[in-house]
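Just so you know, these numbers use all the heavy atoms, side chains as well, and skip hydrogens, waters and symmetry mates.
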Amino acid sequence: MTCRRFIAPNGSCNGCNFSHSLKCHATINAVTRSTQKQQHGGNSGGYQSQHDRNSSKAVNGCTVWESPGGIKIFSGGKDGHWRLWNSTQNFQQEFEQDMGLEVTNVEVYAGFLFCSFVGSCVALPDVSVGMVHVWNLSNPAEAPLEFHLDSQFTPYAHSCGVSSLLVTSTDEGSTDPSKMVLVSGDKKGVIRLWKPPATADQKVFVVQQTFYGHAGEVTGLVICNNFLWSASTDASIRTWDLENKPKCSHKCDPDMVLWKDQSATFVLTSSLDSTVKAWNSSNGEMCISSDHGEGVICLATVSDSGGKPVLVCGLESGAILLRSLATTPSTPAFTSLLKIVAYYTNGIGHEDGPVKCLRAGPSNTFYSGGEDGKLNVW
């Protein structure tokens with residue numbers, strides 16, 4: 001159990017028998033508490049709790065920007081805004097942008113901010129569609145780039161909300177914008193691969209390929225060994241080759257991350273059936289399955305102060321569970337290390353609904369966003 005005195009921001013403890021291995025550096029109230037905006041069509045998609053249906057304060061996504069001026073955090077919420085928080089100014093809000101009905105994902109890659117949201121477009125002003133806008137963070141005053149199916153007739157990315165967004169590179173570790181790989185998945189199960197603009201004069205990302213096969217909301221996307229892995233609320237994982245063919249299918253949902261050890265690369269998946277599973281990316285075989293007693297909504301991999309990999313699990317109750325990924329003589333892989341439950345930590349953590357997003361940060365930090373509207377810095 002975590003020491004409730006030590007874990008609090010500015011908290012300390014002179015010595016007790018509880019864990020002092022994790023600390024909350026800040027708690028940010030990251031969304032407004034305004035009345036929920038009404039969406040056209042009522043397309044709810046996958047996981048949605050009673051709290052989610054009745055409130056507009058959920059933090060749906062967060063991402064880290066290691067800017068020239070220090071660490072900054074973008075958050076996106078169900079209130080329709082993305083916001084920028086400055087760690088060098090005690091995580092004060094630096095900027096906010098109203099995007100429409102709901103911001104569903106935020107990602108920073110190669111100096112660009114990617115934001116998916118539910119909104120309306122010029123071609124269909126009375127209908128809510130899935131949009132993606134992209135800002136150049138070196139010149140944020142410029143008009144954002146956009147994802148378009150067709151700039152004249154369908155100037156949007158998906159006909160419904162974008163539920164998952166992957167931004168990565170063809171070369172591991174590269175920050176070259178020309179090597180970006182962009183994949184989006186929507187609430188109806190459609191996945192699209194996008195091609196970035198070829199020149200500075202082009203302002204639109206265009207569809208390179210569309211993948212059909214899921215019967216529910218796409219909740220996770222990763223690329224490994226030149227294959228695209230996707231998770232969905234249809235309780236399946238699919239892997240795709242570049243010829244648009246699903247190679248195999250497994251039962252699992254709703255999130256996934258990559259984990260590489262010294263010998264292999266694994267895809268880790270979470271599920272509302274309370275399990276987290278590890279899959280061998282080379283052959284699709286399941287290696288480990290671990291039960292958590294409640295639905296696991298989201299995952300992230302971080303490193304502890306000793307450099308050992310740790311899996312962070314965001315749970316349906318709002319609790320956060322940390323598991324070891326390294327195998328040592330005393331702790332085999334997936335050993336439970338620590339659980340953060342707000343009830344036992346004087347409200348430090350997430351209450352009133354599930355953890356909605358997790359993001360690894362620099363220097364052994366991670367960030368969590370919840371349905372309670374909080375963005376926590378750990």
Side-chain angles (χ1 to χ4, degrees), residues 44-49 52 60-61 104-105 107 116 130 158 160-168 181-193 209-241 244-260 265-292 294-301 311-316 321 323 334 354-360 369:
S44 62
Y47 176 76
Q48 189 180 45
S49 72
D52 196 34
N60 288 332
T104 54
N105 297 274
E107 298 284 344
S116 67
H158 291 263
C160 58
V162 177
S163 52
S164 190
L165 185 65
L166 172 67
V167 185
T168 185
V181 178
L182 308 114
V183 188
S184 60
D186 69 26
K187 290 182 176 294
K188 294 182 180 179
V190 178
I191 300 170
R192 291 194 168 101
L193 176 67
Q209 202 164 345
T210 299
F211 301 85
Y212 299 99
H214 281 301
E217 176 180 334
V218 178
T219 55
L221 295 164
V222 298
I223 290 178
C224 185
N225 298 332
N226 296 318
F227 284 91
L228 171 66
W229 291 61
S230 60
S232 169
T233 56
D234 63 8
S236 73
I237 301 170
R238 293 180 183 270
T239 57
W240 311 82
D241 64 17
N244 194 27
K245 299 175 182 178
K247 301 296 289 184
C248 62
S249 179
H250 304 287
K251 184 177 180 181
C252 202
D253 68 306
D255 195 16
M256 54 173 51
V257 295
L258 286 177
W259 164 43
K260 297 182 179 181
T265 300
F266 299 90
V267 176
L268 307 180
T269 60
S270 64
S271 177
L272 294 178
D273 69 2
S274 79
T275 62
V276 171
K277 296 181 173 69
W279 308 84
N280 190 318
S281 64
S282 62
N283 56 25
E285 292 182 356
M286 186 183 71
C287 306
I288 301 174
S289 179
S290 179
D291 187 86
H292 292 70
E294 60 177 294
V296 185
I297 306 300
C298 50
L299 301 171
T301 56
L311 176 66
V312 186
C313 307
L315 305 183
E316 197 170 9
L321 180 67
R323 289 186 177 275
F334 272 55
V355 180
K356 300 282 285 187
C357 60
L358 292 165
R359 180 67 57 142

Chemist: Can you confirm whether I288 sits close enough to F266 that some side-chain heavy atom of one is under 4.5 Å from a side-chain heavy atom of the other?
Modeler: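 No, their side chains stay 4.5 Å or more apart.
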Chemist: Might you point out which heavy atoms bring E294 and E316 nearest each other, and give the distance in Å?
Modeler: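 Looking at all heavy atoms of both residues, the closest pair is OE1-N, 3.3 Å.
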Chemist: To the nearest 0.5 angstrom, please state how far the CG atom of N60 sits from the SG atom of C298.
Modeler: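 Separation between the atoms: 11.0 Å.
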Chemist: Report the distance from atom CZ of R238 to atom CH2 of W229, rounding to the nearest 0.5 Å.
Modeler: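 It comes to 13.5 Å.
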Chemist: To check you understand the geometry: which heavy-atom pair defines the closest contact between S163 and K187, and what is its length?
Modeler: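 In terms of heavy atoms, the two residues are closest at OG-N, 3.7 Å.
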Chemist: Side chains of L272 and I297, heavy atoms from C-beta outward: is any pair under 4.5 Å?
Modeler: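 In contact.
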Chemist: Could I get the full list of side-chain contact (heavy atoms from CB on, under 4.5 Å) partners for C357, not counting sequence neighbours?
Modeler: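 By the side-chain contact (heavy atoms from CB on, under 4.5 Å) rule, C357 matches V59, C62.
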Chemist: Does S230 reach the main-chain N or O of L221 with its side chain, forming a donor-acceptor pair under 3.5 Å?
Modeler: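 Flag not set: sc S230 to bb L221 has no pair under 3.5 Å.
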Chemist: Show the nearest heavy-atom pair for residues S281 and V267, with the distance to one decimal.
Modeler: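 Scanning both residues, the minimum pair turns out to be CB-CG2, 4.3 Å.
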Chemist: Main chain of E217, side chain of T233: is a donor-acceptor contact present, judged purely on distance under 3.5 Å?
Modeler: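 Yes.
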Chemist: Could you grab the distance from atom CG of L193 to atom CH2 of W240, nearest 0.5 Å is fine?
Modeler: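 Going from CG on L193 over to CH2 on W240, the span is 12.5 Å.
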Chemist: Please identify each residue that fulfils side-chain contact (heavy atoms from CB on, under 4.5 Å) with D186, with sequence neighbours left out.
Modeler: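 Listed in chain order: H158, C160, K188, V190.
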Chemist: What's the spacing between L321 CG and L299 CG if we round to 0.5 Å?
Modeler: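 Between L321 CG and L299 CG, I get 10.5 Å after rounding to 0.5 Å.
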Chemist: Ignoring hydrogens, what is the shortest heavy-atom contact between R359 and A300? Give both atom names and the distance.
Modeler: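 Result for this residue pair: N-CB, 4.3 Å.
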Chemist: Would you mind reporting whether L268 and F334 have side-chain heavy atoms less than 4.5 Å apart?
Modeler: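 They are in side-chain contact.
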Chemist: NE2 of H292 to CG of L315: how many Å apart, nearest 0.5 Å?
Modeler: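 So the gap between those two atoms works out to 6.5 Å.
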Chemist: Compare every heavy atom of T265 with every heavy atom of C224, then report the nearest pair and how far apart it is.
Modeler: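 Heavy-atom minimum between the residues: SG-CG2, 3.4 Å.
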Chemist: Output yes when a side-chain donor or acceptor of S271 lies under 3.5 Å from a complementary backbone atom of D273, and no otherwise.
Modeler: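 Flag set: sc S271 to bb D273 pair under 3.5 Å.
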Chemist: Indicate the atoms forming the closest heavy-atom contact of F211 with D241, along with that distance.
Modeler: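 Where F211 meets D241 most closely, the heavy atoms are CE2-O, 3.7 Å.
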Chemist: Is any side-chain heavy atom of S164 less than 4.5 Å from a side-chain heavy atom of T219?
Modeler: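 They are not in side-chain contact.
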Chemist: With a 3.5 Å distance limit and no angle check, can you tell me whether N225 reaches the backbone of F227 through a side-chain donor-acceptor pair?
Modeler: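 Such a contact is absent between N225 side chain and F227 backbone.
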Chemist: Would you check if T269 and V296 make a side-chain contact, meaning some heavy-atom pair closer than 4.5 Å?
Modeler: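 Heavy-atom side-chain distance check fails, nothing below 4.5 Å.
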Chemist: Does the side chain of L228 come within less than 4.5 Å of I191's, by heavy atoms?
Modeler: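 Result yes, sub-4.5 Å side-chain heavy-atom pair found.
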Chemist: With sequence neighbours left out, write down each residue that passes side-chain contact (heavy atoms from CB on, under 4.5 Å) with T104, or none if nothing qualifies.
Modeler: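 Only E102, S116, V118, V162 meet the side-chain contact (heavy atoms from CB on, under 4.5 Å) criterion with T104.
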Chemist: Side chain of S290, backbone of V276: donor and acceptor closer than 3.5 Å?
Modeler: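 It does not hold such a pair.
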